[in-house]
Amino acid sequence: MYVDHAATTPVRAEVLAAMLPYFAQEWGNPSSLYGPGRRAAQAVLRARETLADIFGCSREEIVFTGSGSEGSNLAIKGVALAAAASGKRHLITTRIEHHAVLDTCRWLATNAGFRLTEIDVDQFGSLDLDQLERALTDQTALVSVMYANNEVGTVQPIEAVVRIAHKRGVPVHTDAVQAAGHLELDVDALGVDLMSVAAHKFYGPKGVGALYVRRGTRLLPQTQGGGQERGRRSGTENVAGVVGMAEALALAQDERAVSAPKLQAMSRRVLAELPDRVAGCQVTGHPTRRLPGHASFVIEGVEIAPILLGLDRQDIWASSGSACTSRSSEPSHVLVAMGLAREWVFGGLRLTFGRDNNEADVDALLEAIPPLVIEARPRIAARV
């Protein structure tokens, strides 16, 4: 049983079928002028148009990247370094961003002379909008706030963030890697100037992503070379990857009306029932404004690794939070930012459901987890 869809998702059969021709039969370089190259270029163009339709933007505003992390790096460094020429060297983000954003902002602060403000969040992981408004200055180059948090599932009020930032003429980037496939991605409705996504989060291939860049946004390229992607990201396009990403996102967006209620039913049930079965277990993240299918908890007085390994022995695959930091011995920076005490922050458990899960999986989880907690922390018994 796989319940770690926030970490990655399997490639859908339809997506693989769409990609396969571009590994062998249609192997051309999209920059070549002859037939195979032209056919590859047409495939890339069709993928770009699909994403543009979903984002509600022009195809020229889409930049293909190698990952969600690369997209966020390009957005943040590209805008920040372009703005530095006019004296704007202040960045704003939140304390609970994915490390692709947080570490990029901190790198600019340490190595490139930028000042960084990290906005606080409340106990549910929602950012402090008043603090954001106070933090903005005439020197602010960019605000970067994630659309939805990968560890606790909280959906941020991006439209409100944009309204506040745009009043001061500051562009906004959102890391939508976790939200894509689950939430609305219309960039005009959101109001964002930059938005990054990654294909492997919505049943597409790993190693490919996309960055939306609103027309007129100054962006300094971070990769020099052949001038692909209108000079914004050099490198021969991953034709099979971008074809698969477009197919996967189109399917996910088309199915959201059906998939979201099913995912919500499973996550809501485990959110409601697991704390009743496990003493010292509490829900993390916003109680209502959270991703469908996302259930996250902290369990008092335990380190989560033995529980995850116990689930693994039963062929149940879950996680403690971000897959990118799962081997770290440090507590989750998200849980720390939310104000949880030390006896809680090492006991984070994340269960994220996908299209192949069902109610029987919820039953199995609710049976499997309590005895593992007892074993990991014998002093505290599970409540029946």
Would you call Glu273 and Arg277 a salt bridge, taking side-chain N to carboxylate O under 4.0 Å as the test? yes
Presence of salt bridge, Glu70 and Arg232, under 4.0 angstrom: no
Keeping [X] on the side-chain end and [Y] on the backbone end, is there a donor-acceptor pair under 3.5 Å?
| X | Y | value |
| --- | --- | --- |
| Thr50 | Arg46 | yes |
| Arg48 | Ile62 | yes |
| Asp254 | Leu251 | no |
| Gln156 | Tyr147 | no |
| Asp193 | Val172 | yes |
| Thr65 | Ser67 | yes |

Would you give the length of the straight line joining atom OG1 of Thr94 to atom CG of Asp128, rounded to the nearest 0.5 angstrom? 11.5 Å
Excluding sequence neighbours, so at least two apart, what forms ring pair (Phe, Tyr, Trp, His ring centres under 6.0 Å) with Tyr2? His5
Residue list, salt bridge (charged side-chain N to carboxylate O under 4.0 Å, His left out) with Asp120, at least two apart or on another chain: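 Checked Asp120 against salt bridge (charged side-chain N to carboxylate O under 4.0 Å, His left out); matches are Arg95.
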Can you sort out the partners of [X] under side-chain contact (heavy atoms from CB on, under 4.5 Å), two or more places apart, ordered by chain and number?
| X | result |
| --- | --- |
| Thr284 | Val152, Ser296, Val298, Leu335, Met338, Leu340 |
| Arg106 | Leu102, Asp103, Leu116, Glu118 |
| Val177 | Asp175, Ala198, Lys201 |
| Ala18 | Val243, Glu247 |

Where Phe297 and Pro275 come nearest, the two heavy atoms and their spacing: CE2-CD, 4.0 Å
Taking [Y] as the starting point, is it possible to reach [X] by hopping between hydrophobic residues whose side chains are less than 4.5 Å apart?
| X | Y | answer |
| --- | --- | --- |
| Val197 | Val161 | yes |
| Ile316 | Phe353 | yes |
| Val373 | Val283 | yes |

Would Ser144 and His173 count as a side chain to side chain donor-acceptor pair (under 3.5 Å) here? Give the steps. CA-CA 5 Å; Ser144 183; His173 164 251; 2.8 Å; yes
So among Thr140, Asp138, Thr137, which one has a side chain to side chain donor-acceptor pair (under 3.5 Å) with Arg168?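 Of Thr140, Asp138, Thr137, side chain to side chain donor-acceptor pair (under 3.5 Å) with Arg168 is met by Asp138 alone.
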Is the charged tip of Arg355 near the ring of Tyr203: under 6.0 Å from the six-membered ring centre and within 45° of its axis?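 Output yes; distance and angle both within limits.
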